[in-house]
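For ligands, and for the atoms within them, numbers begin at 1 and follow the listed sequence. As a basis for the values below, the full set of heavy atoms in this structure was taken, side chains included, without hydrogen atoms, waters or symmetry mates.
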Amino acid sequence: MTHKLYEKYDYVHKGNPVMVDRYTKGARINHWIGAISMILLALTGLMMYWPPLFPLSNLIGGGQVVRTIHPYIGVVMVISFAGLFFRFWRLNIWENTDLKWIVDIKDVLEGDEEKLPMIGKYNFGQKCIFWSMSIGLIILIVTGFMVWQAYFAPFVPIEWQRYALLTHSLVAACIIAVWIFHVYAGYWVAGSIGAMIKGKISGGFAWAHHRKWYIALLRANRIKDR
Ligand code: HEM
């Protein structure tokens, strides 16, 4: 059972303060490629979707440049996210205690996490973000390919393309909302941005927010001197 609670690269490092591995360099590179791609995709997508933003396309060479680069950035985003997906999916699987977390969300927001069952490497909110981004990106890449005029759209009936574009726009709006929520949560939970920049969090952070994961590492003696 314990092996399901942490990744093979997670270790606790002795010291003052104690530090705990959270993300490898590879995972962080994948994540930040995803973050930059997301900003570019949202900007270029909205330039094409919403006329008031269209003039912004002149900054990068006009509408034709925007429609050319948008799908390529989408492909980069999906490939990079796949690197995160295959690393993280196991620890984002639903557990019974997740229900309690969402029912008692008030305690989380008021900083009373002590009242809730211990949390593993990811809490329910993080799991929801993970799965909604995973499913959203699959829908976006499939519908995006269906309307990619340079390569695939000529093989797709026009009615299908219309539905694909409608779905693409709706899902894009949802994923932008999820992303804003994700960035805000990272800012709100003091210390978590450090996890995605340096790859490590303090023992105190692990104890406060992801105690089940932290205890599992200690029990398995996954401790290094530094
Ligand atoms: C400027 C943009 C972004 C910022 C500031 C940001 C920030 C963060 C932070 C601080 C964490 C660490 C949370 C923790 O482990 O406690 C994290 C994790 C994560 N981020 Fe981002 N992120 C951004 C964009 C994205 C994008 C665009 C995606 C995917 C499409 C993404 C997917 C993830 C995933 C999958 C995790 C692992 C945690 C989980 O499973 O929910 N992030 N991010």
Side-chain angles (χ1 to χ4, degrees), residues 4-7 9-12 19-46 70 73-95 98 101-102 105 108 111 113 118-142 144 168 171-214 216-217:
K4 287 189 184 154
L5 290 173
Y6 52 82
E7 304 285 356
Y9 47 75
D10 295 345
Y11 278 92
V12 175
M19 296 304 284
V20 190
D21 296 328
R22 196 150 169 89
Y23 296 111
T24 58
K25 191 180 262 179
R28 281 176 281 146
I29 291 173
N30 272 162
H31 179 261
W32 292 117
I33 291 176
I36 294 165
S37 312
M38 181 75 200
I39 294 169
L40 296 175
L41 284 167
L43 282 174
T44 51
L46 287 170
H70 180 86
I73 305 170
V75 171
V76 170
M77 166 83 157
V78 168
I79 293 173
S80 183
F81 187 82
L84 292 184
F85 182 86
F86 291 112
R87 280 187 184 91
F88 299 163
W89 72 270
R90 284 179 202 82
L91 294 182
N92 277 284
I93 289 173
W94 164 270
E95 293 165 275
D98 289 334
W101 190 90
I102 193 64
I105 189 74
V108 178
E113 274 180 80
M118 290 190 291
I119 306 285
K121 188 163 181 180
Y122 299 111
N123 63 39
F124 180 65
Q126 290 172 306
K127 290 179 184 178
C128 288
I129 286 172
F130 176 82
W131 289 109
S132 45
M133 281 178 167
S134 307
I135 295 166
L137 283 178
I138 292 172
I139 300 175
L140 286 174
I141 197 81
V142 171
H168 194 82
V171 175
C174 294
I175 215 165
I176 290 172
V178 169
W179 169 60
I180 292 172
F181 194 77
H182 173 64
V183 173
Y184 182 69
Y187 161 77
W188 188 72
V189 182
S192 67
I193 295 277
M196 260 310 174
I197 295 174
K198 297 187 193 130
K200 289 186 168 49
I201 51 170
S202 68
F205 183 97
W207 179 257
H209 302 297
H210 303 282
R211 197 170 298 175
K212 191 156 90 178
W213 169 65
Y214 190 32
L217 289 173

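- At a 3.5 angstrom cut-off on N or O pairs, R22 counts as close to ligand 1.
- With rounding to the nearest 0.5 Å, the separation of CD1 in I36 from OG in S80 is 9.5 Å.
- Those atoms of ligand 1 that come under 4.0 Å of a heavy atom in S192, given as number and element, are 10 (C), 12 (C), 16 (O).
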Exercise. Salt bridge (Lys or Arg N to Asp or Glu O under 4.0 Å) between D98 and K127: does it pass, once the steps are laid out?
Worked result: CA-CA 9 Å; D98 289 334; K127 290 179 184 178; 2.9 Å; yes
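- Test Y122, F85, W89 against F130 for ring-ring contact (aromatic ring centres under 6.0 Å, His included) and you get one pass: F85.
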Go through V20 and D10 one step at a time and tell me if the side-chain contact (heavy atoms from CB on, under 4.5 Å) criterion holds. CA-CA 7 Å; V20 190; D10 295 345; 5.8 Å; no
* Let me see the working for F124 and E95 under side-chain contact (heavy atoms from CB on, under 4.5 Å), right down to the final yes or no. => CA-CA 9 Å; F124 180 65; E95 293 165 275; over 6 Å; no
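- When each atom of ligand 1 is checked for a heavy atom of M77 under 4.0 Å away, the hits are 30 (C).
- Looking at Y187 against ligand 1, nothing comes within 4.0 Å, counting heavy atoms.
- Here is the list of ligand 1 atoms found below 4.0 Å of a heavy atom in N92: 40 (O).
- W32 contributes a side-chain N or O that, together with a main-chain N or O of M196, makes up a donor-acceptor pair within less than 3.5 Å.
- Of the candidates Y23, W32, Y122, F130, F130 brings a heavy atom nearest to atom 35 (C) of ligand 1.
- For R28 (side chain) and I197 (main-chain N/O), a donor-acceptor pair under 3.5 Å exists by modelled atom type.
- Not one N or O on the side chain of H210 forms a donor-acceptor pair closer than 3.5 Å with the backbone of I119.
- Those atoms of ligand 1 that come under 4.0 Å of a heavy atom in F88, given as number and element, are 37 (C).
- If you number the atoms of ligand 1 from 1 as listed, the ones under 4.0 Å from a heavy atom of M38 come out as 27 (C).
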Problem set entry | Worked check of salt bridge (Lys or Arg N to Asp or Glu O under 4.0 Å) between E7 and R22 | CA-CA 9 Å; E7 304 285 356; R22 196 150 169 89; over 6 Å; no
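- When each atom of ligand 1 is checked for a heavy atom of I193 under 4.0 Å away, the hits are 10 (C).
- Protein atoms of type N/O/S that fall under 2.8 Å from atom 21 (Fe) of ligand 1 number 2 in this view.
- For atom 34 (C) of ligand 1, the nearest non-hydrogen atom from the set L84, I180, I197, I201 belongs to L84.
- With atom 16 (O) of ligand 1 as the reference point, the heavy atom nearest to it among Q126, M133, K127 is part of Q126.
- With hydrogens and angles ignored, the 3.5 Å screen pairs a side-chain donor or acceptor of W131 with a backbone N or O of N92.
- Under a cutoff of 6.0 Å and an axis angle of 45°, K121 and Y23 form a cation-pi pair.
- A donor-acceptor pair is defined here as one N or O able to donate and one able to accept, closer than 3.5 Å; such a pair exists between the side chain of H168 and the backbone of L140.
- Below 4.0 Å from some heavy atom of F81 lie the following atoms of ligand 1, by number and element: 29 (C), 30 (C).
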